[in-house]
Amino acid sequence: MSGLDGVTLHLVDSMDEVLKLRSWLGERRPQHALGFDTETTGLEFTDTVRLAQIGDGMTGWAIPWDRWGGVFEDVVARWDGLWLAHNMKFDVGKLDNEDVFMPRPRVHDTRIMTQVLDPHYSTALKNVAARLVDAAAANAQALLNTSLTDGSGESGWTWKTVPITYGPYWTYGALDPVLTYRIWEILWPQVDATCREAFEIENAVTWITERMERRGVHINTAFAREKYDAFTAYVTESAQWVKDTYGVTAGSNAAIVQVLQEAGFAFDKATASGAVALDKEVLGAIDHPLAQTILQRRRLQKLASTYLKHFVEEVDAHDLIHPSINVLGARTSRMSMERPNLQNLPRKSNSNPAADAIRECADTRYGETGTMLMCDFDQIEMRGLAYMANEQPMIDAFHSPNDFFVELAKLVYDDDLIVKTDPRRQVVKNAGYATIYGAGVEKFALTAGIDIDTAHRVRRRWNELFPGVAKFQNDVIAVALQRRETEGAPYVRCPLTRRRQVADAGKEYALVNYLIQGWAAAVFKKKLIEADDAGLGEWMCVPVHDEIVLDVPNEHVTEAAHTLVKVMNDDRIAGPVPITASVSYGRTWGSKEAWVEHHGE
DNA sequence: GTCGCTTGCCAC
DNA sequence: AAACGTGGCAAGCGAC
């Protein structure tokens, strides 16, 4: 059968339709699953359900919420099979708000299925449906969606105002669970056969992050406001000073460059498109009050507008901020976070002491009776590299009680006296990460702050010491290129994605990084599930790639930290490479106090 | 006024 | 032969 021929759509607007729906439901077998979806007044947290839809591959039902919501609730109570949704976190959350609770363990997300099979494709329902089910129907539906989103249709209606009885609205609504069901029919056999564990991990992590989103992160709003006001005042006053003194706009790079050129400074760094670069590195090297003022203004503006502004303006009545966590954020299986992104809060730094305030804004919601716990893996990606390359000297270094990069530096420089403060340790660390990212010698030299000749020597020595790493890199690329011949595109198989393709032809070197990053993301997600199973789910707030942040009442801190240590340290998950993690704690996320386990307490 | 592009910068 | 991966976000600016 082609496309959607023969599909029947119903609007449940009478007792007669309700009876038809009940009779239809009675004929469903639990193994057949049901698709569901909601239409809401919008995408904001405060927006509510207007229509709830259910369906299978041939029949879709649109249920107006205000009048017939109880019918949907009744179906949820009766159905004991699988529920399918595309982007389930959104719909289940909206239904939660209406006091209708979907049975989470029985809800499977078709968006996750597309992602684990091939993250190269768009996961948006309309695109997946157009690709797998019926292009014309999906595109017509997308057109309506756009007109409702921006009110651009002839009617001027929006998601909030469109009459439920408007034909295109309810029919396309009723079609969504049908499309979801069809997608499931096509994708589930592939997922089941090739990447079922990946699907189960992503589906489980989705519910864990949904809980984190609801729980939120507490903000010390008085402190955040004080810093925001102070930084913003500097931003405004310095801009005025720049205008008064030099007659230019502080935010206009071209104008600033011109003033500095007239003052005798030369510029040789270019941007991607060939303009004169004026980044912090360039500014830092210019000994001129204008350059230094612009630099400091940029620093404080970044802190005020990217972080503090959200902290001040977007907290709820309990001073909690609720970012949105995207489990399928990166095509390497990493998660991403937005509004705001708490994965890129500045760390403590000597060059920008003002930045310390940002992590100090995120504090425990329990005041004097709570503690923030931060637990992060130690060099997780380097361990992944050692594991996948099976590189014995690296594995040995990970078993040493000493610092990993000190041990590596001793090998590279053939000097047993190297200590942690030796600058050669940093060079070797940079060499390691340059390998993971696929950097050339030139970029490696630049980031390590060494000359090209030294970089060449270090890299030569590195390859000599770790031949397994080079072999691993070459093998990954060779296999990928072979796949290009036989399957049309070069790709790697990661633990949570069946095919991770290169973004651009000629960038095959990046596949090594995809593999390592994808492996690390899988380890992290498995540990989130273990931590949740061990009872830590109620305290967890933020996942940061290799770190979990928790907000714990003091009476549970000792046990929570102990559980974290037990879950996150693992000498089995990476073969001969031990995975270790460190816990720190304090009143705020910025606290650095190391947690030491006291046995026998 | 909005949109898309560019530039810059924060994290892991 | 060539070569730093994954994200989110804000501000300036020209184009519509």
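Numbered from 1 within each chain, the chains take letters A, B, ... in sequence-line order.
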Is the phosphate of C:dG5 approached by A:K443 (side-chain N or O, under 4.0 Å from OP1 or OP2)? no
Quick check: do A:M337 and A:P543 have side-chain heavy atoms less than 4.5 Å from each other? yes
Between A:T588 and A:D363, do the side chains contain an N or O donor and an N or O acceptor separated by less than 3.5 Å? no
Could you go over nucleotides 13-16 of chain C and give all protein N or O partners under 3.5 Å, atom names and distances?
residue	atom	partner	partner atom	Å
C:dC13	OP1	A:S252	OG	2.8

For residues 340-354 of chain A, the side chain to side chain donor-acceptor pair (under 3.5 Å) pairs (sequence neighbours left out) are none
Under 4.0 Å between any heavy atoms, over every strand shown, what does A:Q517 touch: base, sugar-phosphate, or nothing? Just pick one. base
Interatomic distance, A:N326 CG vs C:dT6 P [rounded to whole Å]: 16 Å
Distance under 6.0 Å and angle within 45° of the ring axis: does A:R483 meet both against A:Y491? yes
Restricting to pairs with a member in residues 227-238 of chain A, which pass side chain to side chain donor-acceptor pair (under 3.5 Å), not counting sequence neighbours? none
Sub-4.0 Å heavy-atom contacts from residues 540-551 of chain A onto DNA chain B, ordered by number: A:V544, A:H545, A:D546
Whether A:R457 and A:D453 form a salt bridge (side-chain N of Lys/Arg under 4.0 Å from carboxylate O of Asp/Glu) is what I want to check. no
Side chains of residues 284-298 of chain A: which donor-acceptor partners sit under 3.5 Å, not counting sequence neighbours?
residue	atom	partner	partner atom	Å
A:H288	ND1	A:L290	N	2.9
A:Q292	NE2	A:L283	O	3.3
A:Q292	NE2	A:I286	O	2.8
A:T293	OG1	A:P289	O	2.7
A:Q296	OE1	A:R299	NH1	2.9
A:R297	NE	A:V235	O	3.1
A:R298	NH1	A:L278	O	2.7
A:R298	NH2	A:N253	OD1	3.1
A:R298	NH2	A:L278	O	2.8

Quick one: are A:P323 and A:E213 in side-chain contact, heavy atoms under 4.5 Å? no
Sugar-phosphate only, base, or nothing, as touched by A:A434 at under 4.0 Å among non-hydrogen atoms: nothing
Listed pairs under 3.5 Å, donor-acceptor, residues 430-438 of chain A side chains, sequence neighbours left out:
residue	atom	partner	partner atom	Å
A:T435	OG1	A:A431	O	2.8

Hey, can you pull the residues of residues 282-302 of chain A with a non-hydrogen atom under 4.0 angstrom from DNA chain B? A:R298, A:K302
Are A:Y509 and C:dA3 stacked, counting the six-membered base ring, centres under 5.5 Å, planes under 30°? no
For a quick test of your reading: what N or O donor-acceptor pairs under 3.5 Å do the side chains of residues 516-530 of chain A make, sequence neighbours left out?
residue	atom	partner	partner atom	Å
A:Q517	OE1	A:T332	OG1	2.7
A:K525	NZ	A:E202	OE1	2.8
A:K525	NZ	A:E202	OE2	3.1
A:K525	NZ	A:V327	O	3.0
A:K525	NZ	A:S333	O	2.6
A:K527	NZ	A:E530	OE1	3.4
A:K527	NZ	A:E530	OE2	3.4
A:K527	NZ	A:V567	O	2.9
A:K527	NZ	A:D570	OD2	2.6

Contact class for A:F444 (heavy atom, under 4.0 Å): base, sugar-phosphate, or nothing? nothing
At 4.0 Å (heavy atoms only), tell me whether A:M337 reaches a base, stays on the sugar-phosphate, or touches nothing. sugar-phosphate
How long is the line joining CD1 of A:I256 and C1' of C:dG12, in whole Å? 12 Å
Bounds of contact between DNA chain B and chain A, in 5' to 3' order, using a heavy-atom cut-off under 4.0 Å: B:dT6 to B:dC12
Within the side chain of A:H322, is there an N or O that forms a donor-acceptor pair under 3.5 Å with the backbone of A:R214? yes
List for me each residue that meets side chain to side chain donor-acceptor pair (under 3.5 Å) alongside A:N569, sequence neighbours excluded, and say none if there are none. none
Measure from NZ or CZ of A:R425 to the centre of the six-membered ring of A:F405 and say whether it is under 6.0 Å with the direction within 45° of the ring axis. no
Let me know the distance between OH of A:Y491 and C1' of C:dG5, rounded to the nearest Å. 21 Å
Taking atom types as modelled, find out whether A:N203 and A:T206 have a side-chain donor-acceptor pair closer than 3.5 angstrom. no
Positions of residues 341-352 of chain A (non-hydrogen atom under 4.0 Å from DNA chain C), listed by number: A:N341, A:N344
Can you check the A:M382 CE to C:dG5 C1' distance for me, whole Å? 14 Å
Checking all strands, does A:L278 fall into the base, sugar-phosphate, or nothing category for heavy-atom contacts under 4.0 angstrom? sugar-phosphate
Taking any heavy-atom pair under 4.0 Å as a contact, classify A:A254: base, sugar-phosphate, or nothing. nothing
Using a heavy-atom cut-off of 4.0 Å across all strands, would you classify A:A275 as base, sugar-phosphate, or nothing? sugar-phosphate
C:dA10 phosphate, OP1 or OP2, under 4.0 Å from A:H310 side-chain N/O: yes
Need one value for A:K309: base, sugar-phosphate or nothing, where a base atom within 4.0 Å counts as base even if backbone is also close, heavy atoms only. nothing
I need the A:R211 CZ to A:D532 CG distance, nearest 0.5 Å. 6.5 Å
According to ring pair (Phe, Tyr, Trp, His ring centres under 6.0 Å), who are the partners of A:W539, at least two apart in sequence or on a separate chain? A:H556
Check: A:S324 main-chain N/O paired with A:R339 side-chain donor or acceptor under 3.5 Å: no
